[in-house]
Amino acid sequence: MTAMGKKSFQEYLCRPYCMFFKDGAKEEMACQAAGVLDTLMRRKHVDLTTIPSLIKNHDLWKKYRNALDIPLCSHCSFRAEDCDFQAEVPSDDLEPCGGFILLAHLLANDLIQKSDLE
């Protein structure tokens with residue numbers, strides 16, 4: 001993470017959006033989505049401080065599940081062992097990582113385009 005300090009990034013992304021985030025646990029690690037968001041911030045495509053309020057929305061996550069799989073999830077180091085959301089047959093009640101949630105929200109609100117993720 002380089003656009004903002006690790007602690008700031010965790011405050012803006014991990015803590016509010018990611019059910020997997022635990023203070024003090026794996027702090028040196030971040031999901032692929034967090035890395036993509038960091039890149040988008042460095043390129044001035046995203047300003048996390050101006051994002052509209054986000055409400056967790058299972059239908060939104062399902063809508064973007066396939067669209068975010070190749071540019072995002074397929075490259076994530078957590079996918080193999082820790083990500084049930086992108087399993088071949090996920091249950092309907094699974095929640096993705098916070099980065100996925102935020103990227104889906106940005107896409108749904110036309111704050112980024114799918115081409116920004118490539």
Side-chain angles (χ1 to χ4, degrees):
M1 306 294 138
T2 57
M4 59 174 49
K6 183 75 169 175
K7 288 290 183 193
S8 295
F9 199 82
Q10 289 174 345
E11 291 299 319
Y12 278 105
L13 172 65
C14 305
R15 184 169 284 111
Y17 303 119
C18 192
M19 67 179 274
F20 304 108
F21 177 76
K22 293 174 182 54
D23 278 317
K26 298 183 180 182
E27 285 188 19
E28 73 284 354
M29 299 178 77
C31 66
Q32 180 69 19
V36 168
L37 283 160
D38 184 63
T39 299
L40 291 171
M41 287 185 314
R42 280 187 283 118
R43 292 180 181 166
K44 309 287 188 221
H45 290 262
V46 173
D47 179 355
L48 290 179
T49 63
T50 63
I51 294 172
S53 296
L54 181 148
I55 297 171
K56 291 186 175 185
N57 180 337
H58 288 272
D59 291 331
L60 183 66
W61 308 336
K62 289 177 189 175
K63 177 181 177 181
Y64 288 102
R65 183 174 182 261
N66 291 332
L68 290 174
D69 183 40
I70 298 298
L72 183 69
C73 302
S74 67
H75 302 286
C76 187
S77 59
F78 293 120
R79 183 175 185 157
E81 295 180 26
D82 299 321
C83 181
D84 293 327
F85 181 76
Q86 286 292 20
E88 286 187 36
V89 185
S91 68
D92 287 337
D93 63 344
L94 292 176
E95 187 169 308
C97 67
F100 183 103
I101 290 170
L102 187 52
L103 286 169
H105 179 69
L106 294 171
L107 286 165
N109 287 282
D110 294 320
L111 296 172
I112 62 170
Q113 304 302 315
K114 190 172 178 212
S115 60
D116 293 326
L117 304 175
E118 297 168 359

Original post:
What are the two closest non-hydrogen atoms of Gln32 and Leu72, and how far apart are they?
Top reply: CG-O, 3.2 Å

Subject >> His105 side chain vs Pro52 backbone, donor-acceptor pair below 3.5 Å >> reply: yes

Original post:
Is any side-chain heavy atom of Glu95 closer than 4.5 Å to a side-chain heavy atom of Phe100?
Top reply: no

Subject >> N-O pairing of Asp59 and Lys63 below 4.0 Å >> reply: no

Subject >> ILVMFWY cluster, Leu106 and Ile70 together (side-chain gap under 4.5 Å) >> reply: no

**OP:** Might you work through the side chain to side chain contact (heavy atoms under 4.5 Å, CB included) test for Arg79 and Asp69, ending with a clear yes or no?
**Re:** CA-CA 10 Å; Arg79 183 175 185 157; Asp69 183 40; 2.4 Å; yes

**OP:** Working to the nearest 0.5 Å, report the span between CG of Leu117 and OG1 of Thr39.
**Re:** 10.5 Å

**OP:** Can you see which heavy atom on Ile101 is nearest to which on Lys56, and at what distance?
**Re:** CD1-CE, 4.3 Å

**OP:** Taking the side chain as every heavy atom from C-beta outward, state whether Arg43 and Asp116 have any atom pair closer than 4.5 Å.
**Re:** no

Original post:
So, do Leu102 and Val46 sit near enough that their side-chain heavy atoms are less than 4.5 Å apart?
Top reply: no

Original post:
Tell me, do Leu103 and Leu40 make a side-chain contact under 4.5 Å, heavy atoms counted?
Top reply: yes

Original post:
If you measure from CG on Leu37 to NE2 on His45, what distance do you get to the nearest 0.5 Å?
Top reply: 12.5 Å

